[in-house]
Amino acid sequence: MINRELIRIKVVQLTYAYYQNGSKNIESAEKELIFSLSKAYDLYNYLLALIVGITQESRRHLEVAQSRAKREGTAMPSQRFAYNRFALQLEENHMLNDFMESQKKSWSDEPEFLKNIFTQISESQIYKDYMASPEDSYAADRELWRKLYRTLIENNAELDALLEEQSLYWNDDKEIVDTFVLKTIKRFDEKNKASQKLLPEYDSEEDKDYARKLFRATIMNADEYQHYMSEASRNWDFSRLAYMDIVIMQIAIAEMMTFPSIPVNVTINEYVELAKLYSTPRSAGYINGMLDAIARHLIETGHLLKHMEEKR
């Protein structure tokens, strides 16, 4: 689940923090990097568990409505949402249950939030269309949760505030983690029952090593990489460069120099996008030009054994 996009974001954040604090202990900074990545995986599981929490909340409402119907002699309410087949499969999932048993917190600790979000769901048009639809299938149940997640969970101010209270890491992570939750919903297959595989924390040991190597190369070779920046900035106003821009370019150069299989253009594009998120409005264009110039210089001088297309 933890992909290179998320790793790059974490390395930018932790490198910036490394230079901002006074101790500059690379060992503890590296542990913080790996810990912050593990927290993203915690969030992935916690957001999947939210679907279960909402479903359990809906059953409490159903029980109240059933008791009222019996008392008043009216038609019994539909159980369709409370016993949604996708949500039931997720509730029984071995991997998710193993994870939640290892945690000190659960969604049952947030009854007011569960009540509020269930109310939002039950008042939504998506819910009303689902409850009225004649289609009764596992695929329809799963698609309901995909739509609800995208509409009412992906952008939910109350949820964002609650997550921020629980972990300082989670607000920065949520946008990316949401994509993995949606991917997981789409991948669920009824025939797998409770043994459906969730996404692993890392796709491979290579990705875990990538995080460590990128961070270490950035810090250990800082003087060398900043020298390359200084050389390439002769036609640029390097002295007015935002400090975050220097950090972003330093990491980009580390990636170029340390990972031969990653094309130069991929590296440049990824860090230009990060500059749009973390630095000034003008930074992306500046960093794009600087990294292009640095990479071409390193290739021409034999320091970087990669290929770049000629400028047109």
Side-chain angles (χ1 to χ4, degrees), residues 39-72 74-93 96-97 99-133 140-186 188 198:
K39 290 298 290 182
Y41 191 63
D42 289 355
L43 178 60
Y44 163 73
N45 283 277
Y46 198 49
L47 289 172
L48 285 170
L50 175 57
I51 294 172
V52 175
I54 295 168
T55 301
Q56 292 171 345
E57 176 68 16
S58 75
R59 285 188 211 133
R60 286 187 278 275
H61 285 260
L62 177 64
E63 287 171 9
V64 172
Q66 286 174 331
S67 297
R68 186 187 305 118
K70 284 178 184 176
R71 235 179 14 252
E72 297 175 358
T74 55
M76 294 298 284
S78 171
Q79 301 183 43
R80 188 173 185 182
F81 183 80
Y83 292 92
N84 175 288
R85 281 161 286 199
F86 163 74
L88 286 176
Q89 184 185 6
L90 186 59
E91 185 174 12
E92 295 167 0
N93 185 267
L96 183 60
N97 283 319
F99 172 83
M100 292 306 294
E101 284 171 13
S102 71
Q103 302 299 300
K104 294 179 181 178
K105 59 185 176 297
S106 74
W107 285 105
S108 61
D109 301 327
E110 304 293 342
E112 195 62 31
F113 172 73
L114 289 178
K115 180 182 176 182
N116 290 345
I117 196 165
F118 174 67
T119 299
Q120 290 174 42
I121 287 171
S122 61
E123 291 174 353
S124 71
Q125 193 60 47
I126 295 169
Y127 175 90
K128 291 172 183 175
D129 290 345
Y130 166 76
M131 297 299 278
S133 173
D141 286 1
R142 183 182 57 198
E143 177 61 12
L144 167 76
W145 271 107
R146 190 190 69 83
K147 288 179 178 177
L148 288 174
Y149 194 95
R150 290 193 66 184
T151 308
L152 296 171
I153 298 176
E154 203 168 352
N155 296 298
N156 185 304
E158 187 181 0
L159 175 59
D160 289 347
L162 187 150
L163 293 176
E164 188 174 14
E165 284 178 12
Q166 296 193 15
S167 173
L168 293 172
Y169 301 99
W170 281 355
N171 263 11
D172 284 335
D173 297 343
K174 187 172 180 293
E175 187 175 348
I176 292 176
V177 173
D178 281 336
T179 66
F180 291 116
V181 174
L182 288 165
K183 181 179 179 180
T184 299
I185 293 171
K186 190 175 180 180
F188 256 60
L198 304 183

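Hydrogens, waters and symmetry mates play no part in the numbers below; they use all other heavy atoms, side chains included.
- Of all the heavy atoms in I121 and Y127, the pair that sits closest is O-CB, 2.9 Å.
- Contact detail for F118 and S58: the closest heavy-atom pair is CE1-CB, 3.4 Å.
- Ring centroid separation for the pair W145 and F81 comes in under the 6.0 Å cut-off.
- With sequence neighbours excluded, the residues satisfying salt bridge (Lys or Arg N to Asp or Glu O under 4.0 Å) with E143 are R146.
- Checking side-chain atoms of D109 against main-chain N and O of K105 turns up no donor-acceptor pair under 3.5 Å.
- Counted by atom type alone, Y83 and T55 present zero donor-acceptor pairs between their side chains at under 3.5 Å.
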Q: Just do the side chain to side chain donor-acceptor pair (under 3.5 Å) check on Q125 and D129 with the steps written out, would you?
A: CA-CA 6 Å; Q125 193 60 47; D129 290 345; 2.8 Å; yes

Q: Test Q120 against E158 for side chain to side chain contact (heavy atoms under 4.5 Å, CB included), laying out the working first.
A: CA-CA 12 Å; Q120 290 174 42; E158 187 181 0; 4.1 Å; yes

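- Using a 4.5 Å heavy-atom cutoff, the side chains of L159 and I153 are in contact.
- A donor-acceptor pair is defined here as one N or O able to donate and one able to accept, closer than 3.5 Å; such a pair exists between the side chain of R59 and the backbone of A82.
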Q. After noting the C-alpha distance and the side-chain angles of R80 and S133, does the key distance pass the side chain to side chain contact (heavy atoms under 4.5 Å, CB included) rule?
A. CA-CA 11 Å; R80 188 173 185 182; S133 173; 4.2 Å; yes

Q: Verify side chain to side chain contact (heavy atoms under 4.5 Å, CB included) between Y149 and V181, making sure each step is shown before the conclusion.
A: CA-CA 9 Å; Y149 194 95; V181 174; 3.5 Å; yes

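- Residue K39 qualifies as enclosed at atom NZ: its count of foreign heavy atoms under 6.0 Å is above 12.
- Within a 6.0 Å sphere centred on CG of L162, other residues, nucleotides and ligands contribute more than 12 heavy atoms.
- Residues L152 and I117 share a closest heavy-atom pair of O-CD1, 4.1 Å.
- Rounding to the nearest 0.5 Å gives a distance of 10.5 Å between CD of E165 and CG of N171.
- For the pair I185 and I51, the tightest heavy-atom approach, listed with the atom from each and the gap, is CD1-CD1, 4.0 Å.
- Side chains of R142 and K186 form no contact here, defined as non-hydrogen atoms less than 4.5 Å apart.
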Q: Could you give me the CA-CA distance, side-chain angles and deciding distance for F180 and L47, then say whether side chain to side chain contact (heavy atoms under 4.5 Å, CB included) is met?
A: CA-CA 10 Å; F180 291 116; L47 289 172; over 6 Å; no

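- Closest of all the heavy-atom pairs between S78 and L62 is O-CD1, 3.6 Å.
- Of all heavy-atom pairs spanning L90 and L48, the tightest one is CD2-O, 3.3 Å.
- Residues in residues 157-179 take part in these ring pair (Phe, Tyr, Trp, His ring centres under 6.0 Å) pairs, two or more places apart or across chains: F35-Y169, Y46-W170.
- Residue R85 qualifies as enclosed at atom CZ: its count of foreign heavy atoms under 6.0 Å is above 12.
- For residues 166-183, the pairs satisfying salt bridge (Lys or Arg N to Asp or Glu O under 4.0 Å) are K10-D173, K174-D178, with sequence neighbours left out.
- The local environment of CD in Q166 is crowded, with over 12 non-hydrogen atoms from other residues, nucleotides or ligands closer than 6.0 Å.
- Looking at E57 and R60, a side-chain N of the basic residue comes within less than 4.0 Å of a carboxylate O on the acidic one, giving a salt bridge.
- Interatomic distance, H61 NE2 to S122 OG, rounded to the nearest 0.5 Å: 7.5 Å.
- S102 contributes a side-chain N or O that, together with a main-chain N or O of F99, makes up a donor-acceptor pair within less than 3.5 Å.
- A donor-acceptor pair under 3.5 Å is formed between the side chain of N97 and the backbone N or O of E91.
- For the pair L198 and Y44, the minimum side-chain heavy-atom distance is below 4.5 Å.
- The residues K115 and E110 are annotated as not salt-bridged, no charged nitrogen and carboxylate oxygen being separated by less than 4.0 angstrom.
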